[in-house]
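Remarks on the structure that follows.
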There are 2 protein chains.
Amino acid sequence: MTRRVTIADIAAAAGVSKGAVSYALNGRPGVSETTRTKILAIAAEMGFVPNRAARSLSVSSAQAVGIALRRSARTLGIEPYFMELISGIEATLSAGSFGLTLQIVDTVEAELEVYRRWWAERRVDGVLMCDVGSDDRRLDFVADLGLPAVAVGGPVEGARLPAVWHDDAAPCREILEYLHALGHRRIARVAGFDHLLHTAIRDSAYADTAAALDLEAMETFHSDYTGEQGARITRRLLSSAKRPTAIIFDNDVMAVAGLGVAHELGIHVPHELSIVAWDDSPLCRLTHPALTSLTRDISAYGAQCAQALLSIIGAEPHEDRAFSVQCRPAQLSPRGSTAPARA
Amino acid sequence: MTRRVTIADIAAAAGVSKGAVSYALNGRPGVSETTRTKILAIAAEMGFVPNRAARSLSVSSAQAVGIALRRSARTLGIEPYFMELISGIEATLSAGSFGLTLQIVDTVEAELEVYRRWWAERRVDGVLMCDVGSDDRRLDFVADLGLPAVAVGGPVEGARLPAVWHDDAAPCREILEYLHALGHRRIARVAGFDHLLHTAIRDSAYADTAAALDLEAMETFHSDYTGEQGARITRRLLSSAKRPTAIIFDNDVMAVAGLGVAHELGIHVPHELSIVAWDDSPLCRLTHPALTSLTRDISAYGAQCAQALLSIIGAEPHEDRAFSVQCRPAQLSPRGSTAPARA
DNA sequence: AGGTCACGCTTAACCGGGTAAGTGACCCGA
DNA sequence: TCGGGTCACTTACCCGGTTAAGCGTGACCT
């Protein structure tokens with residue numbers, strides 16, 4: 001294992017100074033084309049890769065972005081959402097030769113502390129914030145810190161921060177009208193954390209749409225996105241006297257759990273109960289019947305978030321430095337879990 | 001947003017030199033207790049956090065480890081395994097104030113290139129390698145590179161690298177004997193990638209155990225761990241003339257898909273078909289019936305892997321610098337998806 | 001009293017790459 | 001022929017934290 005090769009080594013080999021090598025490698029003026037080619041050739045031959053720490057120290061940029069996830073290991077593991085998001089983020093970042101630093105935290109305080117440390121240490125150039133809440137402390141915190149950040153979700157009112165989001169209200173209307181057209185009049189919804197912004201948005205979208213349709217019942221129950229909670233709520237719903245003929249779940253995991261409960265109670269899906277899931281992961285196609293769900297390209301979403309962050313960091317050509325980006329809303333993919341309500 | 005505070009600022013405020021501040025902050029001898037306390041107080045008051053790049057540059061350590069995942073976004077998303085593993089890894093790392101750098105790659109070549117770059121850039125101090133294959137190019141590659149690494153899985157023969165693994169053979173025997181005791185004589189197995197080391201180990205463990213028992217059939221079909229493949233193979237198995245009475249799946253995702261296929265074909269689980277899954281994620285408890293599965297604590301496993309890596313990096317008290325670590329094998333958790341075979 | 005040693009601190013160099021300022025050499029126009 | 005300008009490169013210092021070496025002071029020993 002030989003010593004790493006530094007620009008000093010290249011300079012020596014090429015018979016020029018460190019400075020010339022630096023200019024040559026960074027494509028800056030200051031060296032002749034002949035010398036540049038020679039230096040590049042030598043650098044390639046010696047397998048030169050610049051030391052990240054040294055570069056960071058002088059240009060003061062980490063060439064990395066951070067993401068702190070505040071969800072339990074179990075939720076993170078089972079929800080395909082996060083890994084797909086990360087994979088999309090990662091693809092964009094590595095295309096721009098940025099690194100991704102990941103940390104899992106317990107509490108908001110811990111999360112804020114991570115941001116503070118990352119920024120003070122200059123370990124990251126910016127962060128992506130998931131699970132945006134309706135009145136999120138983190139937004140002001142990072143803005144005060146001066147830490148470049150993008151909110152993954154929104155829209156964020158009076159934002160001092162750009163957000164990448166999609167319209168959640170339209171798909172809600174779409175689902176409800178679809179179920180209504182199928183003849184469903186008693187509909188329930190198992191929602192996610194009620195403190196999250198998109199939950200609030202969906203809440204009111206459902207309420208508004210329900211009011212406009214002649215529904216007998218449209219109730220919402222908040223949960224924590226876990227299968228256990230999803231199953232528990234579904235079990236209660238399906239055991240009630242006037243049970244709903246359709247249930248909408250705010251994520252795929254709860255929907256699968258709900259389907260399990262229906263099986264357990266001998267309630268046939270879709271003949272006796274229709275099920276709709278948000279977030280069309282492969283999970284929705286695993287079950288029988290396959291779940292009708294709201295499809296969105298989460299990888300692409302992650303990619304857009306990363307793009308937005310790179311843009312405010314300034315690593316990107318900032319022609320389209322749009323402050324907030326709205327993505328294509330989720331599309332309803334009808335599958336086997338929805339059917340006309342029985343008379 | 002004021003300028004970052006550096007040790008020079010603290011030195012000025014305390015009326016001492018940069019060197020003294022450094023000694024004080026790092027708990028090294030060279031300053032009196034009085035001065036040390038004073039410096040620490042001033043540093044705390046000014047909110048000092050050392051610049052990571054500067055420290056890395058002088059001590060040449062990145063205080064970060066890397067993990068490159070070579071799986072498609074969809075597999076990563078849906079398999080709870082990875083996120084649980086990462087969460088365990090992360091917990092240990094952040095306890096030692098190490099960062100985790102994540103990258104997703106397509107090919108082995110890309111993965112090797114990532115390792116080379118990370119190490120050359122000194123972006124990481126070591127890496128964790130998942131999905132160890134039976135004749136894995138990566139092992140020699142990183143060893144040649146001199147990049148500290150730990151294999152997540154094993155055991156690796158003639159290893160130049162430590163590995164953290166658990167006995168896969170014993171649980172295989174346990175499953176097969178359990179199913180045999182339940183009266184099953186025609187058993188099938190839907191396995192994972194055949195190039196992976198643990199797949200090979202399980203292959204021979206099943207073969208050996210099957211030979212010792214009076215089984216009518218014990219066939220294995222390799223797949224790619226996706227639900228689609230799992231469903232396809234299960235569909236073929238259950239449509240055959242002499243269909244198995246029990247199927248063992250090498251991961252939870254395929255098991256859930258298999259259960260879906262059984263429902264689809266009107267085959268009752270567990271009365272007509274028993275199902276066993278490896279890797280007991282919450283997914284296995286979501287379905288109805290809940291899946292009998294092999295439980296192991298994946299977070300804890302990840303934590304041990306990270307511990308091993310920190311130990312060879314030298315960041316840990318290396319009392320127990322065991323070269324390879326064997327963990328507690330998976331335990332069978334019987335649930336509703338297994339029952340006595342029908343006569 | 002003189003020598004020695006430990007302590008507490010400063011100085012200065014170093015890690016490796018970036019970059020402003022400086023220096024010849026050369027060309028060009030007046 | 002000389003001033004002015006450009007080109008090609010070197011010099012030197014910067015980033016911020018670490019650390020070997022140096023140095024003055026006081027204590028302790030003989």
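Proteins get letters first, then strands, A, B, ... in listed order; numbering begins at 1 in each. Predicted model only: the values in this text are computed from it and were never measured.
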Original post:
Within this structure, what is the CG-to-P distance between A/Leu25 and D/dC9, rounded to whole angstrom?
Top reply: 14 Å

Original post:
What nucleotide among C/dG17, D/dT18, C/dG16 has an atom nearest to a side-chain atom of A/Arg55?
Top reply: C/dG17

**OP:** Answer yes or no: is there an ion pair linking A/Asp9 with A/Arg4, defined by an N-O contact shorter than 4.0 Å?
**Re:** no

Original post:
Is A/Arg70 salt-bridged to A/Asp131, cutoff N-O under 4.0 Å?
Top reply: no

**OP:** Could you tell me the separation between the CG atom of A/Leu57 and the C1' atom of D/dG17, rounded to a whole number of Å?
**Re:** 8 Å

Original post:
Would you say B/Gln326 has more than 12 foreign heavy atoms packed within less than 6.0 Å of its CD?
Top reply: yes

Original post:
What does A/Val21 touch in the nucleic acid at a heavy-atom separation under 4.0 angstrom: a base, only the sugar-phosphate, or nothing?
Top reply: nothing

**OP:** Tell me, please, whether A/Trp119 has A/Arg122 positioned over its six-membered ring: NZ or CZ under 6.0 Å from the ring centre and within 45 degrees of its axis?
**Re:** yes

Original post:
If you look at every strand shown and take non-hydrogen atoms under 4.0 Å, does B/Ser17 touch a base, only sugar-phosphate, or nothing?
Top reply: base

Original post:
Any sub-3.5 Å donor-acceptor pair from A/Tyr301's side-chain atoms to A/Val164's backbone N or O?
Top reply: yes

**OP:** Report the distance from atom CD1 of B/Ile7 to atom P of D/dG17, rounded to the nearest whole Å.
**Re:** 5 Å

Subject >> salt bridge (Lys or Arg N to Asp or Glu O under 4.0 Å) partner of A/Asp144, the single match among A/Arg116, A/Arg138, A/Arg160, A/Arg137 >> reply: A/Arg160

**OP:** Report yes or no: does B/Tyr23 contribute a side-chain atom to a donor-acceptor pair with the main-chain N or O of B/Arg36 at less than 3.5 Å?
**Re:** no

Original post:
Which letter, B, S or -, goes with each nucleotide of nucleotides 19-24 of chain D from 5' to 3', with contact meaning a protein heavy atom under 4.0 Å?
Top reply: BB----

Subject >> Short side-chain to backbone donor-acceptor contact, A/Ser60 and A/Leu57, under 3.5 Å >> reply: no

Original post:
Considering only heavy atoms, which members of residues 31-53 of chain A lie under 4.0 Å from some atom of DNA chain D?
Top reply: A/Val31, A/Ser32, A/Thr35

